[in-house]
Amino acid sequence: MEPEFIQKAFENTLKELGFENFVNKIRFEQPRNEQFGDIATNIALLIGKEKKENPRKIAEDITSKLSFDPNLIDKISVDGPGFINIKLSNLFFTQELERMFNLGENYGKSSKGSNRKVNVEYVSANPTGLLHLGHGRNACIGDSIANLYQWLGYDVTREYYFNNAGRQMQILARSIYARYRQLLGEEEFPFPEDGYFGDYIKDIAKEIAEKFGDQYKVETAENLEFFKKYGENWCFEKIRSTLEKLNIRHDLFFNEDTLYSTGKINEVIDILKQKGLVYQKDGALWLAFTKLGLTEDRVIVKSSGEPTYRLPDIAYHRDKFERGFDLIVDILGSDHIATVPDVIAGLGALGYDTSKVKVVFHQFVTLTENGEQVKMSKRSGRSYTLDELISEVGPDVVRFFFLMRNVSSHLEFDLGLAREQSEKNPVYYLQYAYARICSIFDTAKERGIEFNFEANTTCLEHPQELNLIKVQRRFPEVIEIAAEKFEPQILADYLYDLATAFHTFYHNCRIIGSEEPILSARFKLAKVTQTILKNGLTILGVSAPTRM
RNA sequence: GCGCCACUAGCUCAGUUGGAUAGAGCAUCAGCCUUCUAAGCUGAGGGUCACAGGUUCGAGUCCUGUGUGGCGCGCCA
């Protein structure tokens, strides 16, 4: 974020003073307190510590030798224990505005990820039911992380992994079948003990009964297969339609079954055997995780011949490696924390660079209203599904609320606040800033006001104008940090700051009605804000309405 | 018992790799619309950063221990 000429000047000065070892330790930050200027560095403190010299003295030596274009710098000072503080000039900031304005829609884009492939896997719910709130948070986090990387120029694959063959699907089939028999009049027909008790199972059974009557009444393997397939399709259709409402579309639905049909499961077993990492015990096949630094060995093929989840998970991630991804991101709920070390260890044993795998764990979601936890939907009387939440508060609110907290924090979703279509709701604060800007441009057009793109911006000097530029300048860095840390919340927070800076500017500085060159300079300020808001909201998956 | 996550204002949460006087929103109180959207702006009050030690020029941030809450610890996924 700091301009290059400052970085260069410090590098040169440090070399000149014989501190070349510290050149790569130079860090700049924006001081919290404005009185310390725009850019600060603690490099003199670091040097002082290591050399056991007075840091203030070192800071003064450095500042006396620094050379900059004096038009870009207002003041350099040494403060406190030895911070070097730099105040940039208005000229510098207005030139920055020009630069951002000229980049247009591309401001904040980067070529950082060019020729780099990243895979983001998220949602990945098996087709045995409807998406719930946890899936919603998972989906929004994953999609926004994918958007962030795409924005940085990475080649992004959005992936959904599912299993439609295992035991869970048998339970689904039997659950629907039982409800179906009950619907056909056998109210006492036994429901499987480990079955899915959700009401959607009854919906599916009802649909089947209405379409096919008692055609599938006999309990045969063939008929159960029918119930399984029907249930799977039904669930997937619901899942896709829910995700579609949030504007989430995956590039690839990866079926676990392909790992079996293509022999990839057996390949993994063979490799692990060759490496002497598996053994038979109690009729099952065990993987010697203790040889890989973990505390316990685990079963990878049950005595029944079926693999446990670990084996396909390892094979699946191996497949991702083989597809050539430079970065493999998994979005998982915190209930999966215990399973990941096994998979990572397995991949390490297979010889893959596991530093390329990043698992993002998000904590749980609780729904509250008026300070009390909400468990059931008032409308349906069932526990809340993601779909119900979307229809209640709208997709923009859902996406923003799921992203406005740290991934690793528990998320309290305040239904009352979310439902509120007022200033209390933070989503509208951002969208309102955008709509306001659009409205200014509309009004200007109506009144026949033309902006002069060539106009000079150096006339800007109001504190709110300069503050807005300062906030705008942070955008590219914010995107990079949010991507690096896999924290869309950082972007959400930033956009909130930007909206605040704009609303304050708007209140203090008029655009329409100002004389040139102020008119066009302020137009550029608004235009850059509009672009950042639009792009930022798009990355978060929130719409940017031109009117509110 | 073990592992991971959290603990910051009445409530919900920010707090970049350790930095200077710990910040927002909501709630409470007080102001601002004949002028580009008041879904906005301005101001006030509100804190032992869970607790106790440690590391150092400097700790909300790093280390150790304790407490409270959440999630896991299967031949379930």
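Letters A, B, ... mirror the listed sequences (proteins, then strands); counts begin at 1.
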So, is [X] close to the [N] phosphate, meaning a side-chain N or O under 4.0 Å from OP1 or OP2?
X        : N      : answer
A:Ser439 : B:rU37 : yes
A:Tyr428 : B:rU37 : no
A:Thr504 : B:rU42 : yes
A:Lys302 : B:rC76 : yes

Verify whether the ring centers belonging to [X] and [Y] lie closer than 6.0 Å.
X        : Y        : answer
A:Tyr122 : A:His250 : yes
A:Phe254 : A:Tyr160 : no
A:Tyr429 : A:Tyr432 : no
A:Phe253 : A:Tyr161 : no

*Counting only N and O atoms by type, is there a donor-acceptor contact under 3.5 Å from the side chain of A:Thr41 to the main-chain atoms of A:Ile43?*
yes
Check every strand shown and say whether [X] touches a base, only sugar-phosphate, or nothing at a heavy-atom separation below 4.0 Å.
X        : answer
A:Cys509 : base
A:Thr128 : nothing
A:Ser334 : sugar-phosphate
A:Arg167 : sugar-phosphate

*What would the secondary structure line of RNA chain B be in dot-bracket form, counting Watson-Crick and G-U wobble pairs under 3.5 Å, with [ ] for pairs that cross earlier ones and | for pairs with another strand?*
(((((((..((((.....[...)))).(((((.......))))).....(((((..]....))))))))))))....
*asked:* Can you tell me whether the base of B:rC73 sits syn or anti, using the 90° cut around 0 to define syn?
replied: anti
*Identify, with sequence neighbours excluded, every residue that meets salt bridge (Lys or Arg N to Asp or Glu O under 4.0 Å) alongside A:Glu484.*
A:Lys112
_Under 4.0 Å protein heavy-atom contact, by nucleotide of nucleotides 12-24 of chain B - B base, S sugar-phosphate only_ = BSSSBB-BBB--S
